[in-house]
Amino acid sequence: MGRNSLKIGGVDSKSLAERYGTPVYVTDLGRVADRFEEAKAALTARYPDVLMAFAYKSNSTLQVVRALAGRGAGATIVSVAGVELARRAGVAPRDMVFDGPSKSKEELAAAITAGVGMINAESVQEARDVDALCRSLGVREVRIGFRVNFDIRAETHAGLATGGREHKFGVARSEVVQFCRREAQKLRSARVAGLHSHVGSQIADPEVFRRETEEMVSLAVELREYGTEVAELNLGGGLGFPYRKADKELSIGDYAEATAGSFARSRWSGRARLVFELGRWIVADSTVLLTRVNYVKPAGRVRWALVDAGMNDFIRPALYGAYHEIVPAWTSSAGRSAGRYDVAGPVCESTDVFGRGRRLGVRLSQGDLLAILDAGAYGSSMSSTYNMRPLTAVATVEDGKSALAAPRGASSE
Ligand SMILES: Cc1ncc(COP(=O)(O)O)c(C=O)c1O
């Protein structure tokens with residue numbers, strides 16, 4: 001790489017680092033738009049009535065969600081602050097989906113008042129609570145769904161699996177049936193209009209998605225017998241992204257076939273809108289985290305590259321052992337090296353390591369820049385101020401120009 005500076009969305013990393021400081025997330029908005037359009041095209045080609053309710057938890061930078069809303073995306077939010085963000089992005093309340101296993105009454109009331117299009121309950125008590133809250137708020141009708149736990153086990157990191165019976169997520173199928181048989185028709189304001197399922201994240205097996213779709217259809221058919229008409233079938237998110245070149249990859253076409261394609265051939269086709277809550281797949285490769293080398297330090301057999309980004313800025317490696325490619329973005333010398341580096345941050349935790357034994361192809365020195373790739377999903381949105389460090393700056397690039405989305409120390413939402 002020598003002195004060459006990595007380009008991000010057509011903009012040179014060295015100038016980005018100088019302009020915004022480091023560490024800085026740099027998001028290519030064109031890439032976000034392209035991935036969104038690709039996913040939308042693949043899904044709507046198989047079933048036309050689709051709402052792409054982007055998962056705000058994966059990336060909540062205002063410019064990102066605004067770009068998506070401008071292309072017709074709805075919003076999947078998991079806290080009530082998400083309602084406000086989605087509104088600022090330009091999403092109509094009817095295209096907002098409110099998920100989460102433990103919503104407070106205050107949050108439910110705020111979502112009801114805002115007119116959120118679908119509240120996905122994760123217990124039958126939550127459904128009752130929504131109904132009671134509607135009455136006290138004087139709201140005539142709210143659409144609710146049930147997040148159903150079908151006990152589908154997906155092969156993914158344990159910290160990313162949500163679909164097993166023992167997980168805290170969702171309501172068992174039998175409980176949903178019982179509720180719709182005995183109670184749903186007695187609710188005054190909460191109308192059960194949807195089913196929801198999200199079995200985990202970073203999934204590459206099409207059978208998981210096919211099975212999830214089939215289970216949802218079979219339940220929708222059964223609920224009809226009890227007077228519940230499912231008009232919205234929400235298949236969640238979860239499509240994996242290949243962070244390593246060798247990772248198993250499920251193409252968007254094969255994912256769309258397993259979900260929208262299976263649904264289009266099912267008995268419930270034409271009776272419901274399909275909702276997708278994809279997050280990671282849309283934004284993962286839109287963003288790099290640019291970080292500067294503070295020190296290069298040998299320690300026994302290890303050579304540390306100690307950088308200025310820490311686990312508070314980007315927690316995926318520390319939290320899930322996630323692999324992210326690291327490449328030199330700019331180096332002061334043209335010296336090449338076959339040596340390996342362990343790349344770590346400044347936080348006082350041994351898990352604050354971004355990569356071990358990485359061959360970067362260069363000899364690093366103080367002040368050089370590294371890029372941690374594919375940091376667009378669960379990157380800035382999971383950042384914190386741990387160790388009393390300021391939140392990382394976020395910049396966007398588009399058409400060869402950059403802009404500041406959030407200065408250091410401020411939230412990008
Ligand atoms: C309920 C729900 N929907 C959607 C998503 C988005 O998942 P992903 O980013 O893997 O597509 C998540 C994240 O795990 C989630 O919890």
Side-chain angles (χ1 to χ4, degrees), residues 36 38-58 73-78 95-100 117-122 143-154 156 160-164 167 169-171 173 176 192-221 223 230-241 250-282:
F36 177 77
E38 204 186 327
K40 188 163 91 176
L43 293 163
T44 53
R46 285 153 176 102
Y47 189 74
D49 191 7
V50 160
L51 173 69
M52 303 278 292
F54 176 66
Y56 276 35
K57 62 188 275 200
S58 65
T76 295
I77 50 174
V78 286
D95 291 334
M96 296 180 195
V97 180
F98 189 21
D99 294 344
M118 182 64 80
I119 298 175
N120 284 319
E122 301 218 14
R143 292 179 349 132
I144 62 167
F146 277 113
R147 177 168 178 176
V148 190
N149 184 322
F150 292 109
D151 194 24
I152 297 176
R153 277 147 217 283
T156 185
L160 297 174
T162 60
H167 285 123
F169 300 99
V171 189
R173 188 190 193 284
V176 175
V192 182
L195 291 177
H196 173 222
S197 167
H198 172 79
V199 295
S201 197
Q202 194 53 357
I203 297 167
D205 177 1
E207 280 317 308
V208 168
F209 293 113
R210 191 165 296 124
R211 198 178 141 209
E212 185 184 25
T213 309
E214 285 166 4
E215 293 275 10
M216 296 272 269
V217 166
S218 120
L219 182 54
V221 170
L223 294 185
V230 174
E232 199 159 291
L233 231 124
N234 181 331
L235 292 166
L239 174 58
F241 177 84
L250 177 58
S251 74
I252 190 70
D254 289 345
Y255 168 77
E257 195 46 43
T259 53
S262 303
F263 182 73
R265 292 185 292 275
S266 79
R267 282 189 287 168
W268 211 248
S269 182
R271 290 181 175 274
R273 168 163 90 159
L274 286 187
V275 180
F276 291 91
E277 301 180 332
L278 293 176
R280 186 192 306 278
W281 193 88
I282 291 170

Side-chain contact test, heavy atoms from C-beta onward, threshold under 4.5 Å: evaluate it for [X] versus [Y] and give yes or no.
| X | Y | answer |
| --- | --- | --- |
| D99 | H198 | no |
| W281 | E38 | yes |
| V208 | V199 | yes |
| Y56 | V78 | no |
| V176 | L223 | yes |
| F150 | M216 | yes |

**Study point:** Residues which pass side-chain contact (heavy atoms from CB on, under 4.5 Å) with A53, listed by chain and number, not counting sequence neighbours
**Key:** L51, T76, V97, V275
Find the distance between [atom1] ([X]) and [atom2] ([Y]) and round it off to the nearest 0.5 Å.
| X | Y | atom1 | atom2 | value |
| --- | --- | --- | --- | --- |
| H196 | E122 | NE2 | CD | 7.5 Å |
| D49 | E232 | CG | CD | 9.0 Å |
| W268 | L219 | CH2 | CG | 10.0 Å |
| E257 | I252 | CD | CD1 | 12.0 Å |
| I152 | I203 | CD1 | CD1 | 9.0 Å |
| L233 | L195 | CG | CG | 5.5 Å |

Review point. Would L43 and Y255 count as a side-chain contact (heavy atoms from CB on, under 4.5 Å) if you check the C-alpha gap in whole Å, the side-chain angles of each, and the deciding distance to 0.1 Å?
Key: CA-CA 9 Å; L43 293 163; Y255 168 77; 4.2 Å; yes
Exercise for review: List the steps, then state whether side-chain contact (heavy atoms from CB on, under 4.5 Å) holds for R280 with S201.
Suggested key: CA-CA 8 Å; R280 186 192 306 278; S201 197; 2.9 Å; yes
Which atom pair, heavy atoms only, marks the closest approach of [X] to [Y]?
| X | Y | answer |
| --- | --- | --- |
| S58 | G279 | OG-CA, 3.4 Å |
| A193 | M118 | C-CE, 4.1 Å |
| A121 | V171 | O-CG2, 4.2 Å |
| A39 | M52 | CB-CE, 3.8 Å |
| A204 | P206 | O-CD, 3.5 Å |

**Study point:** R271: salt bridge (Lys or Arg N to Asp or Glu O under 4.0 Å) partners, not counting sequence neighbours
**Key:** E229
List the atom pairs, with distances to 0.1 Å, where a side-chain N or O of residues 234-241 and a protein N or O form a donor-acceptor pair under 3.5 Å, not counting sequence neighbours.
from : atom 1 : to   : atom 2 : distance (Å)
N234 : OD1    : G236 : N      : 2.8
N234 : ND2    : E277 : OE2    : 2.8

If only atom types and distance count, is the side chain of [X] paired as donor or acceptor with the main-chain N or O of [Y] below 3.5 Å?
| X | Y | value |
| --- | --- | --- |
| R46 | A264 | no |
| N149 | F169 | yes |
| Y47 | R265 | no |

Review point. Should the pair R211-E214 be classified as a salt bridge under the 4.0 Å nitrogen-to-oxygen rule?
Key: no
Review point. Should T259 and L274 be marked as a side-chain contact (heavy atoms from CB on, under 4.5 Å) after you check the CA-CA gap, both sets of side-chain angles, and the distance that decides it?
Key: CA-CA 9 Å; T259 53; L274 286 187; 5.9 Å; no
